[in-house]
Amino acid sequence: MEFEDVVLAGVGIELPAERWTSEHMESMLEPLYQRLRLPEGRLAMMSGILSRRVWPDGTLPSGPSARSVRAAMASADIDPNRVGVLIHASVCRDFLEPATASRVHHEAGLPASCWVYDVSNACLGVLNGAVQIAALIQSGVIDSGVVVGTENSRPLLQTTVKTLNEDLTLTRRSVKPAFASLTIGSGSCAWLLTKRQLAPDAPRLRFAIAEANTRHHDLCLSDQDTAGASMAPLMETDSETLMAEGIATGVAAMNRLRAESRLAPEAFDRSVCHQVGSRHRSAMLAALGLSEDRDVITFPGLGNTGSVALPLSVAAGMASDQLRTGQNVVLCGIGSGINSVMIAAEWGKASVGGQWHGLLDELALASQKHSFVAPA
């Protein structure tokens, strides 16, 4: 899919102030660690994740999402009445119905003529929503649209810790499928996309492709959706197989993107990928032919924030001047299912609005100390 008239005009973010370090997570798991004689520091060593953020207890995703939408519009100085579609695209949502986008639309003050709906596709929801909006802009249906998501890891972390501490049948081997749940973090991000005329110097989306490898749909499973608003999920993940098959899916997607965009591997000045952890990152970038030195990361300070992991990393790259005007940037999304969405963009001028709560300083410190790199 090729775009000629679509830009990322503004980005809005909101991060929770509350920070749970990996050491804190291990202290919460003291009964399990003592029973299985697990070494302290295991969580950070295996993942490269130093901390993750959590929203206050009782937070509904629509609240931070509405604030992120307002921040994105303010950063681009776009009249809310020009927004033709609002998509809420995170894994987390307020209720089974109505669409979480409904409350976000109301709180953000968007027009009645706006298309309003939810999209869900694991860690790819926001990218899927962005491509939908880009297609509507390219076809001339709308001038601009917003995709937003807010992931809330607190219920998953609390439920996982409780289950692991209380299940006396667990062994070192059987506890492994729960490990991925302990890496999940919280955050909110909104992308405002417009036709190029409204923000001619903004980052320009050029190509997007999707790659489906759904024979592996059962490698990462959360609760059935009957859980509804209780928001107390459990998740089991075959991390090793998911990583291997996810990377293979990403390679197939990258090959198609390069073929359709006619860009050689060395043409990408920067990459921004879904944030899982240090081991996954190294293996994925090597397989994709991309350099770690040119990759933007947020997982050391945020963990895996699901559908907003890549969008928040784009925001961090913009705020830290890692993404600069004139660069060819590739966005590499891979999500359970398994699906991949990749976008090639020509970077330009855009701003980020919202609350970082010290994350950029954390990431700079982690990078200097190389503390996010797991041992070989």
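Remember, predicted model here, so these are calculated numbers, not experimental data.
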Inset, instruction - State, with a plain yes or no, whether a side-chain heavy atom of Arg82 is found less than 4.5 Å away from one of Leu198. - result: yes

Legend entry - Side chain to side chain, Leu312 and Leu302, heavy atoms closer than 4.5 Å: yes

Decide whether [X] and [Y] are clustered together by the hydrophobic rule: side chain heavy atoms of Ile, Leu, Val, Met, Phe, Trp, Tyr closer than 4.5 Å, transitively.
X      : Y      : value
Val91  : Leu127 : no
Leu310 : Val11  : yes
Val272 : Leu193 : yes

Would you say the side-chain atoms of [X] and [Y] include a donor-acceptor pair closer than 3.5 Å?
X      : Y      : result
Ser51  : Thr21  : no
Ser271 : Asp295 : yes
Ser62  : Ser65  : no
Thr100 : Arg93  : no
Ser22  : Arg52  : yes
Ser68  : Ser188 : yes
Ser90  : Thr150 : no
Glu151 : Ser307 : yes
Thr194 : Ser144 : no

Taking [X] for its side chain and [Y] for its backbone only, find out whether a donor-acceptor pair lies under 3.5 Å.
X      : Y      : result
His88  : Ser120 : no
Thr249 : Glu245 : yes
Arg270 : Phe268 : no
Gln275 : Thr298 : yes

salt_bridge([X], [Y]) N-O dist < 4.0 Å:
X      : Y      : result
Glu362 : Arg53  : yes
Glu292 : Arg281 : yes
Arg42  : Glu26  : no

Inset, instruction - Give the intermediate values and the outcome of side-chain hydrogen bond (donor to acceptor under 3.5 Å, both in side chains) for residues Ser47 and Thr183. - result: CA-CA 8 Å; Ser47 67; Thr183 69; over 6 Å; no

Inset, instruction - Identify the residue among Arg204, Lys195, Arg196 that makes a salt bridge (Lys or Arg N to Asp or Glu O under 4.0 Å) with Glu4. - result: Arg204

